Amino acid sequence: DLVARALAANTSVQAAANRLAQARAALGGAEATRLPQVGVAAGAGRAADPGAQGATQYSAGLNLAYELDLGGRLLHERNASALDVRAREQLLADARLLVQANVARGYLALRALDAERDIVRGTVAAYAETLSLTEKRARAGDVADLDLARVQAELAANEAEALALD
């Protein structure tokens, strides 16, 4: 779903798709120039003499044209257009792959950050419990003030890291 939305919204993919459509249209045009060209025309008109009845004239025409490709120019243009279409298809595929990779990279980075945040929160909870136990032992005289200060500093450092991750 994330990848599909990113592909639909990405302007690079849209531009590549538009360029591919243009290349395919150019290929169609290049292929059409190698075919016979047929034209049909029809018309009707009325000639009017001042004082006489006008006569209606009808006309029809058919035009057939075909360009012989003796030098191969039309074939080369068609082949060049076909190669352009293939290149544009690859550029579109590359643009799509780049978007997919960026979405995957961003998703994995977010998941890694979530995992790191969970670890730091767990560490903060463990240090808070350790501090509580150390304070009880310090009140009983079993732990030196230096050990208590060390646990307090570790808890404060991990709380600061947890805040930085949020």
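Everything numeric here is computed off the predicted structure, so don't read it as measured data.
- A continuous path of hydrophobic side-chain contacts links Leu64 to Val40 [ILVMFWY only; heavy atoms under 4.5 Å].
- The closest side-chain heavy-atom distance from Leu91 to Arg19 is not below 4.5 Å.
- Inter-residue side-chain proximity for Val38 and Asn63 is flagged as unmet; no heavy-atom pair is nearer than 4.5 Å.
- Shown here is Glu129, whose CD atom has no more than 12 heavy atoms of other residues, nucleotides or ligands within 6.0 Å.
- Here the shortest heavy-atom pairing between Ser81 and Ala30 reads OG-CB, 3.7 Å.
- In terms of heavy-atom proximity, Val85 sits nearest to Ala23 at CG2-O, 3.4 Å.
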Without placing hydrogens or testing angles, list every side-chain donor-acceptor pair under 3.5 Å for residues 150-166, not counting sequence neighbours.
from   : atom 1 : to     : atom 2 : distance (Å)
Asn158 : ND2    : Glu154 : O      : 2.8
Asp166 : OD1    : Arg117 : NE     : 3.3
Asp166 : OD1    : Arg121 : NH2    : 2.9

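- Note: Asn79 CG to Asp84 CG = 12.5 Å, rounded to the nearest 0.5 Å.
- Taking each heavy atom of Tyr58 and Ala44 in turn, the nearest pair found is CD2-CB, 3.7 Å.
- Counting all heavy atoms, side chain and backbone alike, Ala138 lies closest to Leu148 at CB-CD2, 4.2 Å.
- Applying the salt bridge (charged side-chain N to carboxylate O under 4.0 Å, His left out) test to Arg96 and every residue at least two apart in sequence or in another chain returns nothing.
- A single hydrophobic cluster is not seen to contain both Leu131 and Val143; linkage of ILVMFWY side chains at heavy-atom distances under 4.5 Å, directly or through other members, places them apart.
- Taking hydrophobic clusters as Ile, Leu, Val, Met, Phe, Trp and Tyr residues chained together by side-chain heavy-atom distances below 4.5 Å, Leu70 shares a cluster with Tyr66.
- Taking CG of Asn18 as the reference point, atom CZ of Arg88 lies at 11.0 Å (rounded to 0.5 Å).
- Taking CD from Glu77 and CZ from Arg34, the interatomic distance works out to 10.5 Å, rounded to the nearest 0.5 Å.
- Across Leu35 and Gln37, no two heavy atoms sit closer than the pair O-NE2, 3.0 Å.
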What pairs of donor and acceptor atoms, side-chain ones from residues 99-113 against any protein atom, are under 3.5 angstrom apart with sequence neighbours left out?
from   : atom 1 : to     : atom 2 : distance (Å)
Asn102 : OD1    : Arg105 : NH1    : 2.9
Asn102 : OD1    : Arg105 : NH2    : 3.4
Asn102 : ND2    : Leu98  : O      : 3.4

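- With rounding to the nearest 0.5 Å, the separation of CZ in Arg139 from OG1 in Thr134 is 10.5 Å.
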**Item:** Chi angles and distances behind the side-chain contact (heavy atoms from CB on, under 4.5 Å) call for Arg78, Leu27
**Value:** CA-CA 6 Å; Arg78 187 251 172 240; Leu27 176 60; 4.3 Å; yes

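- Taking CZ of Arg73 as the start and OG1 of Thr33 as the end, the distance is 7.0 Å to the nearest 0.5 Å.
- A distance of 10.5 Å separates OG1 of Thr123 from CG of Asp118, quoted to the nearest 0.5 Å.
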